[in-house]
Chemist: 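There's a structure below that I have some questions on.
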Amino acid sequence: MSQQTGTGKYEQMLTKCKNLKPVPTAVAHPCEMSALSGAVEAGNLGLIVPILIGPRDKIEATAESAGIDISGYEIVDTPHSHASAANAVELVREGKAELLMKGSLHTDELMAAVVSREGGLRTGRRISHVFVMDVPTYHKVLFVTDGAINIAPTLEDKADICQNAIDLIIALGLKRPKVAILAAVETVTSKMPATIDAAALCKMAERGQITGAVLDGPLAFDNAISKQAAGTKGIHSEVAGDADILLAPDLEAGNILAKQLSFLANADSAGLVLGAKVPIILTSRADSVRARIASCGVAMLAAHARRKKR
């Protein structure tokens, strides 16, 4: 991911974190430098209180070799990454942690513990991923979903994916976010199922099955992010050119879109998993420091919003 200093969009978003207390966070298997440093950096900034879960000797060796001070943080000793994931999830279930953060284990290993029917963190909502992107060429933070978990989502899955992203943005303080439901064209046609799903999602929003946002689709990408492009095609839409959320038709489209923005448009890309009992912070070794901190900050705001709902 980009190592740029950024446009200030993340920083504006994170100003909301300043007066909030750091959130206890179960960090699963931080046995590699970037995973450990990301958690400790967020801890030092007062966003989270990391609970480091993994083989104590590996965590301490990683900290020593990287010059990371972990003396102020609790370590829960586990024998291996599988146990680290299970233990991290258990801490959340016990209420000792309000966020879950991926360390240096594989995402699949962590998510297997999250979705376990016995002892997992499932809710009635479909679990989904959202990229929180600071794109230098766009005028606000852009949320792209789902480019990491749901391979070929059904209409019902897309409704949950959409609602997860809407709820997150509302937790960040934005009222009535705008959702662009992406396809290759703007017209509804049976030859392209994504366009039918888009039309159905808009009707679901009208009937209260999706709440808290304004939806429009199908919209091609250019019309979603450019009022000029939409106007040229005769599209009159509150969402076009001002979308907060881009809802991709499938995982491949969402993943390609997010990575194009990162590597061609020099965007920073934070990441969260939503729809579980707590937000899950997914960071990559390729993430910039800004992106890792943004992931923790967004998750922190979401955790505080959950507290208010209790």
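Here the structure is a predicted model, which is why all the values come from computation and not from measurement. Values below: all heavy atoms of this structure, side chains included; hydrogens, waters and symmetry mates excluded.
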Chemist: Is there a donor-acceptor pair under 3.5 Å between the side chain of Thr195 and the backbone N or O of Thr189?
Modeler: yes
Chemist: Show the nearest heavy-atom pair for residues Ile127 and Ala276, with the distance to one decimal.
Modeler: CG1-N, 4.0 Å
Chemist: Short question: side chain of Thr211, backbone of Gly208 - any donor-acceptor pair under 3.5 Å?
Modeler: no
Chemist: Are Ile280 and Leu110 close enough that some pair of their side-chain heavy atoms sits under 4.5 Å apart?
Modeler: yes
Chemist: Side chains of Asn150 and His129: do they bring a donor and an acceptor to under 3.5 Å?
Modeler: no
Chemist: With side chains defined as the heavy atoms from C-beta onward, is the minimum distance between His139 and Ile225 less than 4.5 Å?
Modeler: no
Chemist: When Pro55 is tested against each of His29, Glu60, His80 for side-chain contact (heavy atoms from CB on, under 4.5 Å), which residue passes?
Modeler: His29
Chemist: Is a side-chain donor-acceptor pair under 3.5 Å present for Asp216 with Ser237?
Modeler: yes
Chemist: Side-chain contact test, heavy atoms from C-beta onward, threshold under 4.5 Å: evaluate it for Pro279 versus Val273 and give yes or no.
Modeler: no
Chemist: Are the side chain of Arg306 and the backbone of Lys277 linked by a donor-acceptor contact shorter than 3.5 Å?
Modeler: yes
Chemist: Does the side chain of Pro30 come within less than 4.5 Å of Ile59's, by heavy atoms?
Modeler: yes
Chemist: Please tell me whether Ser84 and Asn87 have a donor and an acceptor in their side chains that are separated by less than 3.5 angstrom.
Modeler: no
Chemist: If you look at every heavy atom in Leu105 and Ala85, which pair is closest and at what distance?
Modeler: CD1-CB, 3.8 Å
Chemist: Listed by chain and number, what are the side chain to side chain contact (heavy atoms under 4.5 Å, CB included) partners of Ala270, not counting sequence neighbours?
Modeler: Tyr10, Val132, Ala294, Ser295
Chemist: Checking the side chain of Arg126 only, and the main-chain atoms of Asp157 only, is there a donor and an acceptor separated by less than 3.5 Å?
Modeler: no
Chemist: Should the heavy atoms of other residues, nucleotides or ligands under 6.0 Å from NZ of Lys227 be counted, would the total exceed 12?
Modeler: yes
Chemist: Tell me whether His304 at atom NE2 has more than 12 heavy atoms from other residues, nucleotides or ligands lying less than 6.0 Å away.
Modeler: yes
Chemist: Say whether, by atom type as modelled, one donor and one acceptor occur between the side chain of Thr62 and the main chain of Cys31 under 3.5 angstrom.
Modeler: yes
Chemist: When you check the side-chain N and O atoms of Asn164 and Ser128, is any donor under 3.5 Å from an acceptor?
Modeler: yes
Chemist: Quick check: is Tyr138 connected to Phe131 through a chain of hydrophobic side chains (ILVMFWY, heavy atoms under 4.5 Å apart)?
Modeler: yes
Chemist: Taking the side chain from Ser226 and the backbone from Asn223, do they hold a donor-acceptor pair closer than 3.5 Å?
Modeler: no
Chemist: Counting heavy atoms not belonging to Glu94, are there more than 12 under 6.0 Å from its CD?
Modeler: yes
Chemist: Are Arg290 and Asp134 close enough, and set up right, to give a salt bridge (charged side-chain N to carboxylate O under 4.0 Å, His left out), and what steps lead you there?
Modeler: CA-CA 10 Å; Arg290 288 183 72 247; Asp134 180 354; 3.2 Å; yes
Chemist: Going by salt bridge (Lys or Arg N to Asp or Glu O under 4.0 Å), name the pairs with one or both residues in residues 103-113, residues two or more places apart or in two chains.
Modeler: none
Chemist: Would you mind checking if Asp244 and Lys140 are paired as a salt bridge, meaning a charged N to carboxylate O distance below 4.0 Å?
Modeler: yes
Chemist: Is the backbone N or O of Val278 less than 3.5 Å from a side-chain atom of Glu98, with the two atoms forming a donor-acceptor pair by type?
Modeler: no
Chemist: Heavy atoms only: give me the nearest Val185-Met192 pair and the separation to one decimal.
Modeler: CG2-SD, 3.8 Å
Chemist: Within the supplied structure, the quantity of interest is the number of heavy atoms (other residues, nucleotides, ligands) at a distance under 6.0 Å from Lys58 NZ; does it exceed 12?
Modeler: no
Chemist: So does Asp268 pair up with Arg292, basic N to acidic O under 4.0 Å?
Modeler: no
Chemist: Can you tell me if Ser104 uses its side chain to pair, donor with acceptor, with the backbone of Ala35 under 3.5 Å?
Modeler: no
Chemist: My understanding is that only one of Leu261, Ile256, Asn255, Leu257 makes a side-chain contact (heavy atoms from CB on, under 4.5 Å) with Lys259; could you say which?
Modeler: Asn255
Chemist: Are any side-chain N or O atoms of Lys9 and backbone N or O atoms of Val135, one a donor and one an acceptor, separated by less than 3.5 Å?
Modeler: yes
Chemist: Nearest 0.5 angstrom please: Leu201 CG to Leu247 CG, how far?
Modeler: 6.5 Å
Chemist: Applying salt bridge (charged side-chain N to carboxylate O under 4.0 Å, His left out), run through Glu90 and Lys96 and close with a yes or a no.
Modeler: CA-CA 9 Å; Glu90 185 59 31; Lys96 295 177 182 176; over 6 Å; no
Chemist: How close do Ser262 and Met133 get, counting heavy atoms only, and between which atoms?
Modeler: OG-CE, 3.5 Å
